[in-house]
Every structure is written in structure tokens, then in C-alpha cells.
Amino acid sequence: MQQRFVNAFCEDFEGVIEKNVAAGAKYLQILTSRPETICRQMQCQGLDGRIIVRPELVLGGKIKKLKNLPFPLAVYVDILECDEKVLEEVSMLGIAVVIPLFENLQRTGEISAMFDTSPAKLIEQLGFLDRDCTIVGGMYADKDDLEILGSYNAKMVLCPRAFARRGGTFANIVLMKKQGLNLQMGTLDGEIDFEKEIEFLHLTTLALLENESAVKKNEIEKIATGENI
């Protein structure tokens, strides 16, 4: 199969490299606790990509070792799992971040209540939007939050079928693009079928906006191949 797709986010699981290659991925960003092993496997498969790790692997001076990896590095920042000290320490590192945000109403409300501000304003205040910042989720961000994220040209990773299976709403990609976000395709599940993700995102966008000409399918394909970035 021709390798032409970009999986902008997935978690490490058994056979993750091989399954993404079989699905046609040429670029893979993977959240892992074994970065060295994943790097070797990606190199063996001829993949390009980025390594995403949790804060405990980069704090306390540990980042020095990971900076020698053959792939770029990003830190996965789950706002509800990190205390304020960890958030501040990660922010001080100044490296790329990947943040699950606006993926469901419960977590969005919990973050807003805990910090007494919207999630987008929070990560702006923490300085995460001043660097390479990728949001995983985004479906429950309102227009004001999308405007904040878009003003920094943040990246938004869509996982259409995975979030739908979890009871989530559909992503308004027309509004996201209008606000200046760079849209990408990812998955939360072990398997990814890019063609099905493209078809699902296309049809759900038309249904959400009740407009059969709201977006063309080839625009969705560009999200999956990374051509829109």
C-alpha cells in the first residue's frame, strides 16, 4: 500500500507500528512510555514522525536523554492529571506539547471549574500556546475558545470515529478552519482505517451543518494526508 497518510496521534499498543504501516501511514505521532524502542521500530519501517511522552519522562533532568532521540519530542499534558507544579515545570521546558482538550463536556467543565477559566485561556496563560501546541479533541470548544486557539495557529487532531464511539459530538471542521486551526487526523483506538475516517468525517460534517456542499471530500483527504498543514 502506498504510504500517504499522517496519523497525528495514537497511543502505543501491540503492533502499533505495523498496523499503521498497513493502513498507509507515512508519518506517525505516538504516545509511548518506551520511546527508544518505538524510535527503532519506526526507523526499521521507514516512518517519519514524532515521539510523545508523559511528563514523568522529561522532568527532573530526564529530558536531556530524550533530546538525543532521532525523532522530534513532545510532552503529553493532561490538565486533569497534572498538578499545578507539573504544569509549570512542563511549561518551563519550552518544548512542543500535545494536550487532550474539549473532547467531552465533562472534562471541559471540570477544567473550567478547577481553574476558574476556559481551557483555552488556561493553556494560553500557561504559555503552551506560545510553542508547537497540538490539541486532541476540540469538538466541545465554543467559538471563543476556537478563536483563541486559532490565533496561535494551534493544531487540532480529529479522531472522528473514536470519539463518536465514546458518545461525542461531531467536529465542526468548517468553523475550526475558519478560526485558523491546522486540522489533522488521528485515532484513539488500536486500529485506524484512514478511508473510513475520511468518509465518516465528511458525512458527519455535512449532517452537522445541514449543508451538502459545506465541505468537499478532497478537503477531508488533505487533513488525512497532512496537505493542509
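Just so we're clear, the structure is a prediction, and the values are computed from it rather than from any experiment.
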Measure the shortest side-chain to side-chain distance between L87 and K85 over non-hydrogen atoms and say whether it is less than 4.5 angstrom. no

Pairing residues for S118 by the side-chain hydrogen bond (donor to acceptor under 3.5 Å, both in side chains) criterion, not counting sequence neighbours: D145

Over all atoms of both residues, closest heavy-atom pair of A8 and Q184: CB-OE1, 2.8 Å

Between R131 and S91, is the side-chain contact (heavy atoms from CB on, under 4.5 Å) condition met? List the steps. CA-CA 10 Å; R131 67 203 64 181; S91 180; 3.7 Å; yes

If you measure from the Lys or Arg side-chain nitrogens to the Asp or Glu carboxylate oxygens, is any gap between D12 and R34 under 4.0 Å? yes

Answer yes if the ring centres of F194 and F5 are under 6.0 angstrom apart, and no otherwise. yes

Just wondering, do L31 and V53 contact through their side chains at under 4.5 Å, heavy atoms? no

Calculate, to the nearest 0.5 Å, the distance between atoms CG and CD belonging to N172 and Q179 respectively. 10.0 Å

Identify the two heavy atoms, one from P72 and one from R50, that lie closest to each other, and give their separation to 0.1 Å. O-CG, 3.2 Å

Any side-chain donor near an acceptor of the partner, Q3 and Y27, under 3.5 Å: no

What I'd like to find out is whether the side chain of I38 reaches to under 4.5 Å of the side chain of F71, using heavy atoms alone. no

Could you check whether Q106 and E110, counting side-chain N and O atoms only, form a donor-acceptor pair closer than 3.5 Å? yes

Is it true that R4 and E195 make a salt bridge, defined as a side-chain N closer than 4.0 Å to a carboxylate O? yes

Distance, nearest 0.5 Å, that separates OG1 of T108 from CE of M139: 8.5 Å

Shortest non-hydrogen contact from C10 toward L28: SG-CD1, 3.3 Å

With side-chain contact (heavy atoms from CB on, under 4.5 Å) as the test, would you mind laying out the steps for V58 and L73 before giving the verdict? CA-CA 10 Å; V58 296; L73 182 69; 4.3 Å; yes

Any salt bridge between R40 and E36, counting N to O under 4.0 Å? no

If you count every heavy atom of other residues, nucleotides or ligands that lies below 6.0 Å from E14 atom CD, does the total exceed 12? no

Tightest non-hydrogen contact, residues K62 and L57, listed as CB-O, 3.3 Å

Side chains of T204 and P160 in contact at under 4.5 Å (non-hydrogen atoms): no

For the residue pair Y76 and F9, categorise the inter-ring angle as parallel (less than 30°), tilted (30 to 60°) or perpendicular (more than 60°). parallel

Please examine the side chains of Y152 and C133, heavy atoms only from C-beta on, and report whether any two atoms are closer than 4.5 Å. no

Do NZ/NE/NH1/NH2 and the carboxylate oxygens of K19 and D193 come within less than 4.0 Å? no

E199 with K217: basic N within carboxylate O range, under 4.0 Å: yes

Evaluate the side-chain proximity of I52 to V75: yes if any heavy-atom separation is below 4.5 Å, no if none is. no

Answer yes or no: is there an ion pair linking K177 with E219, defined by an N-O contact shorter than 4.0 Å? yes

With the threshold set at 4.0 Å, does a side-chain nitrogen-carboxylate oxygen contact exist between D78 and R107? yes

Atom CG of D83: over 12 foreign heavy atoms under 6.0 Å: yes

For V90 and V77, work out which heavy atoms get closest and say how close. CG1-CG2, 3.9 Å

At their closest point, which heavy atom of L80 faces which heavy atom of M114, and how far apart are they? CD2-CE, 3.8 Å

Atom CD in Q41, atom OG1 in T32: separation rounded to 0.5 Å? 8.5 Å

Answer whether the closest heavy-atom distance between the side chains of V16 and I30 falls below 4.5 Å. yes

Going by heavy atoms in the side chains, are T225 and V6 under 4.5 Å from each other? no

